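No experiment lies behind these values; they were computed from the predicted model shown. The analysis underlying the following values was restricted to heavy atoms, covering all of them including side chains, and did not include hydrogens, waters or symmetry mates. A note on names: the letters A, B, ... follow the listed sequences, proteins ahead of strands, and every chain is numbered from 1.
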2 protein chains.
Amino acid sequence: MSTGVPEGYDPYAFEPFAVTVDLAVFTVRDGRLHVLLVERGADPYKGHWALPGGFVLPRESAETAARRELAEETGLTGGTAGALHLEQLRTYTDPDRDPRMRVVSVAYAALVPDLPEPRGGGDAAGARWWDAGRTGPLAFDHDRILADAHDRIGAKLEYSCLATAFCPPEFTLGELQQVYETVWGVELDRPNFRRKVLTTPGFVQAVEGSPRRTGGRGKPAALYRAGAATALHPPLLRPEGRST
Amino acid sequence: MSTGVPEGYDPYAFEPFAVTVDLAVFTVRDGRLHVLLVERGADPYKGHWALPGGFVLPRESAETAARRELAEETGLTGGTAGALHLEQLRTYTDPDRDPRMRVVSVAYAALVPDLPEPRGGGDAAGARWWDAGRTGPLAFDHDRILADAHDRIGAKLEYSCLATAFCPPEFTLGELQQVYETVWGVELDRPNFRRKVLTTPGFVQAVEGSPRRTGGRGKPAALYRAGAATALHPPLLRPEGRST
DNA sequence: TAAATAGTGTCTCTAAGACAATATAGA
DNA sequence: TCTATATTGTCTTAGAGACACTATTTA
């Protein structure tokens with residue numbers, strides 16, 4: 001806004017806008033991308049599943065509201081939720097996107113390591129992880145938001161170090177590779193992936209003292225932590241075409 | 001929003017949010033990136049320069065509002081403004097970003113070919129193009145929005161065909177190269193740039209009948225139109241580091 | 001002619017793709 | 001042992017960087 005409020009503008013004169021946040025919370029579980037959904041306990045869309053979210057409070061920024069909702073829905077402590085990767089995706093403003101009133105929603109994508117089942121707090125009837133590719137039709141325009149979020153995450157993996165946000169503090173290169181394969185839906189060559197990750201300065205950092213983790217059978221893998229870098233130069237491009 | 005409006009929620013019970021759009025309209029002029037600013041005619045920030053923008057009307061999407069404001073501020077006809085590249089950037093929601101009331105603003109970046117001076121319609125005291133790197137402190141949080149917009153445009157040039165949006169319908173490769181050089185603030189090798197553009201399928205399309213345009217002196221350059229592609233594979237990376 | 005800009009060709013080098021081979025664990 | 005996973009290494013190839021050289025215009 002910039003051209004000034006119209007002379008004599010009264011904030012209460014218009015039908016007010018409500019502002020909400022919607023969250024696409026992703027995790028990688030069993031080699032599939034999962035998203036956190038809540039079951040709606042009231043109309044409209046009662047009984048449908050939807051992205052978690054809620055109203056932005058009068059003295060709150062959208063990001064603060066998003067972190068608050070995330071903590072409520074996932075049962076994470078405030079400290080943990082505060083450290084998660086949260087990224088503003090875009091804002092959905094279609095005048096008819098909510099049948100009750102004019103609601104503008106700021107959507108966020110959040111990436112979390114594999115977490116326990118959510119407790120389903122707040123006013124939702126239930127909450128659980130869904131395979132991101134096999135959700136039924138969601139409430140409101142949430143199918144669109146979910147698709148946009150998946151696209152964005154996939155694109156960001158190419159040129160950022162974001163994939164580590166899906167991993168626990170210490171992880172193997174195999175786990176990191178599985179993040180890429182799961183989000184992109186492709187298979188990558190392991191030696192080449194390894195070379196790319198290790199030759200990108202600051203992407204990952206070896207855990208000293210060579211601790212190793214067993215992944216069942218096979219040779220134990222070395223552990224790494226996320227490095228200091230945030231961007232990838234050059235990017236780690238998907239095998240085929242891209243989006244957006 | 002998804003967890004349902006609180007029981008008995010009254011849209012008028014809270015202090016309402018206002019929703020606005022802010023536009024970072026860029027063009028390349030004289031080898032410098034320029035942005036369209038308007039001078040504020042009323043408090044707050046009276047006399048300061050700001051990004052053009054305005055309120056989203058009750059039955060309007062944010063993008064519709066942005067195109068309407070763009071047409072008003074630039075004096076473009078509705079048809080022309082409707083075809084311009086307009087990209088939602090992000091939404092700014094700090095509770096104190098406007099001293100008058102709670103205003104949430106959806107920011108857009110627009111790319112236009114070099115245009116005549118704007119007529120400064122609407123309620124702005126004046127409107128003109130500014131060198132994007134030499135604006136004074138702007139009103140509200142518009143310095144931040146402008147910086148974010150510049151970053152985003154620069155990043156998108158790498159992996160999209162967006163640069164043609166800065167060019168007229170028919171353009172030379174030299175003009176296209178200057179878009180990259182201006183937005184990125186670097187110099188590119190002409191033969192290499194040419195090779196990259198011409199070997200990327202669908203980036204540009206030669207204008208048949210070999211019409212040519214004189215750029216003063218020197219050999220006339222061949223003309224091209226924007227091609228059908230929207231993404232660049234592989235991307236056209238900046239010489240040095242990246243952002244975001 | 002000189003200067004300016006457009007366009008071509010070529011050599012080099014980086015990094016990605018393909019994939020063979022080796023290492024170390026559990027069954 | 002066999003199987004599974006991790007790790008190393010090597011050959012090939014696509015594409016970017018550097019830059020010499022040619023072409024076509026105006027002054």
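- Judged by atom type and distance alone, B/Arg195 does not reach the base of C/dG7 through any side-chain donor-acceptor pair under 3.5 Å.
- Atom pair A/Lys219:NZ and C/dT24:C1' shows a separation of 6 Å (rounding to whole Å applied).
- If A/Leu173 and B/Leu236 are placed on DNA chain D by their nearest nucleotide, the residue sitting closer to the 5' end is A/Leu173.
- Within the 4.0 Å cut-off from OP1 or OP2 of D/dT7, at least one side-chain nitrogen or oxygen of A/Arg194 is found.
- Atom C1' of nucleotide C/dA6 and atom CG of B/Leu176 are separated by 15 Å, given to the nearest angstrom.
- As rounded to whole Å, 18 Å separates atom P of D/dG15 from atom CG of B/Asp189.
- Cation-pi contact between A/Arg134 and A/Trp130: absent, since separation from the ring centre below 6.0 Å together with deviation from the ring axis within 45° is not met.
- Each of A/Asp148, A/Asp141, A/Asp22 was scored for a side chain to side chain donor-acceptor pair (under 3.5 Å) with A/Tyr92, with one residue passing: A/Asp148.
- The pair A/Arg152-A/Glu87 counts as a salt bridge, with a side-chain nitrogen and a carboxylate oxygen less than 4.0 angstrom apart.
- The side chain of B/Ala221 sits closest to C/dA6 out of D/dG15, C/dA6, C/dA27.
- Rounded to a whole Å, the CZ atom of B/Phe193 is 15 Å from the P atom of C/dT8.
- Atoms CG (B/Leu237) and C1' (D/dG17) sit 13 Å apart, rounded to a whole Å.
- Counting to the nearest Å, the P atom of D/dA16 and the CG atom of B/Leu188 are 12 Å from each other.
- Here the C1' atom of nucleotide D/dT5 and the CD atom of A/Glu187 are 14 Å apart, to the nearest Å.
- Side-chain nitrogen and oxygen atoms of A/Lys196 include at least one within less than 4.0 Å of the OP1 or OP2 phosphate oxygen of C/dA16.
- In terms of modelled atom types and a separation under 3.5 Å, the side chain of B/Thr172 and the main chain of B/Ala222 share no donor-acceptor contact.
- When the nucleotides C/dA15, D/dA16, D/dT26 are ranked by their closest atom to the side chain of B/Arg217, D/dT26 comes out on top.
- Ring orientation note: the planes of B/Phe140 and B/His142 are tilted relative to one another, at an angle of 30° to 60°.
- A/Pro191 comes within 4.0 angstrom of a nucleotide base, judged by non-hydrogen atoms across all strands.
- Remark: C1' of C/dT8 and CG of B/Asn192 are 12 Å apart, rounded to the nearest angstrom.
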